[in-house]
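Okay, so here's the structure we're looking at.
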Amino acid sequence: MRRTRLEDADGHQVTTVAKAVKVMNKLKVKQADYGLSLIPKCTPTFAGYAGQYLTHTEALQNKSKNTIHRECSCINNLNPVKEELRLRQINKAGVIRYMAGRKKHGTSSRSINIEIATLRNVLRHGIAEGLLTDLQIEGVEWLQQESKKRRLLTQVEIERVCETAVAHVPITGQMLCDFIRLMAYAGRSEERRVGKECRSRW
């Protein structure tokens with residue numbers, strides 16, 4: 001007969017009979033549905049395990065260098081808050097507080113969402129390796145991203161760009177100028193005609 005310590009969702013030992021009964025019932029349900037699979041009592045710290053995750057990702061080469069670099073930057077941002085926490089101690093409440101703190105300091109919603117996506121990837125890797133049974137931050141809502149409205153260039157500005165391109169790099173600058181004017185002024189029929197002229201110059 002196997003014995004296991006009864007712990008709450010954060011990995012702390014339960015201290016009351018009521019909590020012990022609640023945790024025991026959850027274990028019985030898991031045993032009935034999936035077979036009881038016990039996770040380690042002491043999971044790695046986030047900082048240590050995130051480093052292992054990056055090493056694993058680089059070894060598999062299943063992500064681009066830019067993606068790996070971005071995830072590394074996200075983990076560096078997460079570390080000051082999460083580095084001493086063990087994987088099992090990372091929960092929704094802590095993540096929501098982290099997101100609010102980042103937003104308060106002026107971080108964009110898009111950047112925060114990417115950081116949380118990276119955190120999810122690290123935790124999912126922990127699930128795959130049997131360190132966690134489920135994604136404990138499931139249900140945390142993404143921040144709404146506001147798309148920036150970009151103004152259109154005036155005709156004077158467009159011509160200034162074209163003149164500068166031709167003046168500094170005559171050959172490729174003229175190609176760039178043709179494309180800019182094509183996108184700025186041409187309709188569909190005119191677009192096809194100007195496109196042929198551009199190709200003939202090459």
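For reference, positions follow the sequence shown, starting with 1.
Here the CG atom belonging to L176 is positioned 7.0 Å from the SG atom belonging to C162, to the nearest 0.5 angstrom. From R124, atom CZ reaches atom CD1 of I127 across 7.5 Å, with rounding to the nearest 0.5 Å. A distance of 8.5 Å separates CD in Q52 from CG in L131, rounded to the nearest 0.5 Å. In this structure, CD on E84 lies 6.5 Å from OG1 on T45, to the nearest 0.5 angstrom. Between the CG atom of D134 and the CD atom of E138 there is a distance of 9.0 Å, given to the nearest 0.5 Å. N77 CG to T107 OG1: the interatomic distance, rounded to the nearest 0.5 Å, is 7.5 Å.
The two residues I68 and T57 come nearest to each other via the heavy atoms CG1-CG2, 4.1 Å. Contact record, C74 with I114: SG-CG2, 3.5 Å, taken as the closest heavy-atom pair. Taking both residues in full, the closest heavy atoms of Y49 and V122 are given as CE2-O, 3.6 Å, listed atom of the first, atom of the second, then distance. Here the closest heavy-atom approach between residue K92 and residue I137 is recorded as CG-CA, 3.6 Å. Heavy-atom minimum distance, K103 versus S109: NZ-OG, 2.7 Å. A pairwise comparison of heavy atoms in L87 and F46 identifies CD2-CA, 4.1 Å as the closest pair.
No donor-acceptor pair under 3.5 Å is formed between the side chain of E159 and the backbone N or O of V156. In this structure, the side chain of H125 does not engage the main chain of N121 through any donor-acceptor pair within 3.5 Å. Between the side chain of N113 and the main chain of L143, a donor-acceptor pair closer than 3.5 Å is present.
In this structure, W142 is a member of the same hydrophobic cluster as I90, with clusters built from ILVMFWY side-chain heavy atoms closer than 4.5 Å. One hydrophobic cluster, built from ILVMFWY side chains closer than 4.5 Å, holds both L78 and I96. In the hydrophobic cluster analysis, where Ile, Leu, Val, Met, Phe, Trp and Tyr join through side-chain heavy atoms closer than 4.5 angstrom, L135 is grouped together with L85.
Side-chain N/O atoms of N91 and Q136 include no donor and acceptor closer than 3.5 Å. In this model, no donor atom of one side chain and acceptor atom of the other lie less than 3.5 Å apart for Y53 and E58.
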Residues Q89, R86; criterion side-chain contact (heavy atoms from CB on, under 4.5 Å); working and verdict: CA-CA 5 Å; Q89 295 175 316; R86 298 194 177 274; 3.7 Å; yes
side-chain contact (heavy atoms from CB on, under 4.5 Å) assessment of R70 paired with T67: CA-CA 5 Å; R70 183 170 63 245; T67 299; 3.7 Å; yes
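Electrostatic pairing of E71 and K63 counts as a salt bridge here, judged by a charged N lying under 4.0 Å from a carboxylate O. Salt-bridge annotation for E115 and R110: absent, with no side-chain N of the basic residue lying under 4.0 Å from a carboxylate O of the acidic one.
No more than 12 heavy atoms of other residues, nucleotides or ligands sit less than 6.0 Å from atom CD1 of I171.
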